[in-house]
2 protein chains.
Amino acid sequence: MSAKALKPTEGELEILQVLWDKGEATVREVHEELAKVKDIGYTTALKLLQIMYEKGLVSRDDSAKTHIYKPAVTREKTQKQLVGKMINTLFAGSPGQLVMQALGNHNASKEELDEIQRLLDSLKKPS
Amino acid sequence: MSAKALKPTEGELEILQVLWDKGEATVREVHEELAKVKDIGYTTALKLLQIMYEKGLVSRDDSAKTHIYKPAVTREKTQKQLVGKMINTLFAGSPGQLVMQALGNHNASKEELDEIQRLLDSLKKPS
DNA sequence: TCATTACTACGAATTTTATCGTAATAAATA
DNA sequence: TATTTATTACGATAAAATTCGTAGTAATGA
């Protein structure tokens, strides 16, 4: 168990998305991505990144003038954390219900369905 | 499509949980449930319910002195809304990935796995 | 070199969410 | 009836999250 499970806020998640996708990015790059989707000022993005840095959600290389940010938490861990929380607060602790929801209401591709089938098989006959 | 998709906050979700479970409840009942889990004052619960009422998240019968609150949004709709959002913001739009996460990291019961299998079958060979 | 541009830092304002105290009143009860 | 208790309404405060302006400075390039 690493130190603490710091829950990213909504805005922080948006930034993490960008960083996960790109691997690393400057404030400018992050801002450009966010600006595609929503109205947001440059310094707002900067400030958020700075706060995330203080919280340990991102790391950064500030050896050059233009700092380069990287995610300090993995997508997987964050997914696990938030999915777990959602199972508890919205699905009465039942992961199966969440799966049913996700499968039933959203379109998964053939490939994904096959992948799920394989996982399901391995879960059904453990060894 | 009903009017708006008002996203409940964290605290509002906790209250909805109680209302969904009980069907309806007074402020006192809601407060008692919440108090089992966290420190919270009576008037805080009351205020939250009042705010939720203004937002249309709950309805209430205030014909008697003690008001009775009911959820005005269904668990299913709320689940759908929040799961959809999570798929977008955390799973790059891929419901399959969310399912993999939920199945892989959390223990689903045998019954749930079977149920998922049936759904999966129906998805794989559409009528 | 001087002016312009690109950054970061920082503080402040705003917005959203959560929390609670107090007052008013209805209901219960002594 | 008089007192206590239960309840709602309301406003104020606090806490958390978001947003942005301004200042300072490094880099760029005319």
Side-chain angles (χ1 to χ4, degrees), chain A residues 4-19 24-70 73 78 81-82 85 89-90, chain B residues 4-19 24-70 73 78 81-82 85 89-90:
Chain A
K4 44 188 132 199
L6 209 27
K7 190 175 109 200
T9 67
E10 199 73 13
E12 289 170 346
L13 261 185
E14 291 179 307
I15 288 186
L16 281 174
Q17 281 281 91
V18 175
L19 294 181
E24 60 177 41
T26 62
V27 175
R28 179 144 307 278
E29 291 168 327
V30 168
H31 175 248
E32 274 169 11
E33 284 304 312
L34 295 187
K36 287 180 185 171
V37 179
K38 62 190 279 200
D39 255 10
I40 183 177
Y42 176 88
T43 52
T44 303
L46 167 65
K47 183 68 168 190
L48 265 180
L49 279 162
Q50 288 171 338
I51 291 172
M52 292 171 77
Y53 175 68
E54 284 163 18
K55 288 189 185 175
L57 286 172
V58 299
S59 63
R60 76 179 178 193
D61 175 353
D62 52 9
S63 59
K65 175 174 188 198
T66 300
H67 301 175
I68 297 173
Y69 287 84
K70 293 182 189 175
V73 293
T78 307
Q81 178 191 357
L82 296 184
K85 177 157 191 97
T89 63
L90 252 191
Chain B
K4 44 190 134 197
L6 208 27
K7 192 174 113 204
T9 68
E10 199 74 11
E12 290 170 345
L13 261 185
E14 291 179 306
I15 287 186
L16 281 175
Q17 282 281 92
V18 175
L19 294 181
E24 61 178 40
T26 63
V27 175
R28 179 144 307 277
E29 290 168 328
V30 168
H31 175 248
E32 273 169 12
E33 283 305 311
L34 295 187
K36 287 180 184 171
V37 178
K38 63 188 278 199
D39 255 10
I40 184 176
Y42 177 86
T43 51
T44 304
L46 166 66
K47 182 69 168 189
L48 266 179
L49 278 162
Q50 287 171 340
I51 291 172
M52 292 171 77
Y53 176 68
E54 284 164 18
K55 289 190 185 176
L57 286 172
V58 300
S59 63
R60 75 180 179 193
D61 175 351
D62 52 9
S63 59
K65 175 172 187 199
T66 300
H67 301 175
I68 297 174
Y69 287 84
K70 294 182 187 176
V73 294
T78 307
Q81 177 191 358
L82 296 183
K85 176 155 192 100
T89 63
L90 253 190

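Here is how names work: the chains are called A, B, and so on, in the same order as the sequence lines, proteins then strands, and each is numbered from 1.
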Please tabulate, for the side chains in residues 40-54 of chain B, all donor-acceptor contacts under 3.5 angstrom to protein atoms that are two or more places apart in sequence or on a different chain.
none

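When side chains are defined from C-beta on, B:Ile15 does not count as touching B:Leu57, because their heavy atoms never get closer than 4.5 Å.
Distance, A:Glu10 CD to D:dT19 C1': 16 Å, rounded to whole Å. Atom CD1 of A:Ile68 and atom C1' of C:dT8 are 14 Å apart (whole Å). Spacing between atom CG of A:Leu49 and atom C1' of C:dC7 amounts to 13 Å, rounded to whole angstrom units. The separation between B:Lys7 atom NZ and D:dA17 atom P is 12 Å, rounded to whole Å. Between the CG atom of B:Leu48 and the P atom of D:dA9 there is a distance of 14 Å, rounded to whole Å. Taking atom CG of residue A:Leu34 and atom C1' of nucleotide D:dC20, one finds them 15 Å apart after rounding to whole Å. Between A:Arg28 atom CZ and D:dA26 atom C1' the separation is 15 Å, expressed in whole Å. Here the C1' atom of nucleotide C:dA18 and the CG atom of B:Leu46 are 13 Å apart, to the nearest Å.
At C:dA9, one or more side-chain N or O atoms of A:Arg60 fall inside 4.0 Å of OP1 or OP2 (strictly under the cut-off). Residue A:Thr26 places no side-chain N or O under 4.0 Å from the OP1 or OP2 atom of C:dC7. Contact annotation: B:Tyr42 side-chain N/O to D:dT8 OP1/OP2 distance is under 4.0 Å. Residue A:Thr9 places none of its side-chain N or O atoms closer than 4.0 Å to OP1 or OP2 of D:dA17.
Under the side-chain hydrogen bond (donor to acceptor under 3.5 Å, both in side chains) criterion, B:Lys85 pairs with A:Glu10, sequence neighbours left out.
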Taking only nitrogen or oxygen atoms into account, show me every contact under 3.5 Å that the protein makes with nucleotides 23-25 of chain D, one pair per line with its distance.
none

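Judged by atom type and distance alone, A:Lys47 reaches the base of C:dG11 through a side-chain donor-acceptor pair under 3.5 Å.
The side chain of B:Ile40 lies closest to C:dT19, out of C:dT19, D:dA9, D:dT19.
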Show, in sequence, the C-alpha distance, side-chain angles and deciding distance for B:Leu82 and B:Lys7, and conclude whether the side chain to side chain contact (heavy atoms under 4.5 Å, CB included) test is met.
CA-CA 8 Å; B:Leu82 296 183; B:Lys7 192 174 113 204; 3.8 Å; yes
Between A:Glu33 and A:Lys36, is the side chain to side chain contact (heavy atoms under 4.5 Å, CB included) condition met? List the steps.
CA-CA 5 Å; A:Glu33 284 304 312; A:Lys36 287 180 185 171; 3.0 Å; yes
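Among the atoms of the strands shown, none is found under 4.0 Å from any heavy atom of B:Ile51. Residue A:Thr66 is classed as a sugar-phosphate contact, given heavy-atom separations below 4.0 Å to backbone atoms only. Nucleic acid contact class of A:Gln50 (heavy atoms, under 4.0 Å, all strands): base.
Residues A:Leu19 and A:Lys70 approach most closely at CD1-C, 4.1 Å, considering heavy atoms.
The closest donor-acceptor contact from the side chain of A:Glu29 to the backbone of A:Thr26 lies under 3.5 Å.
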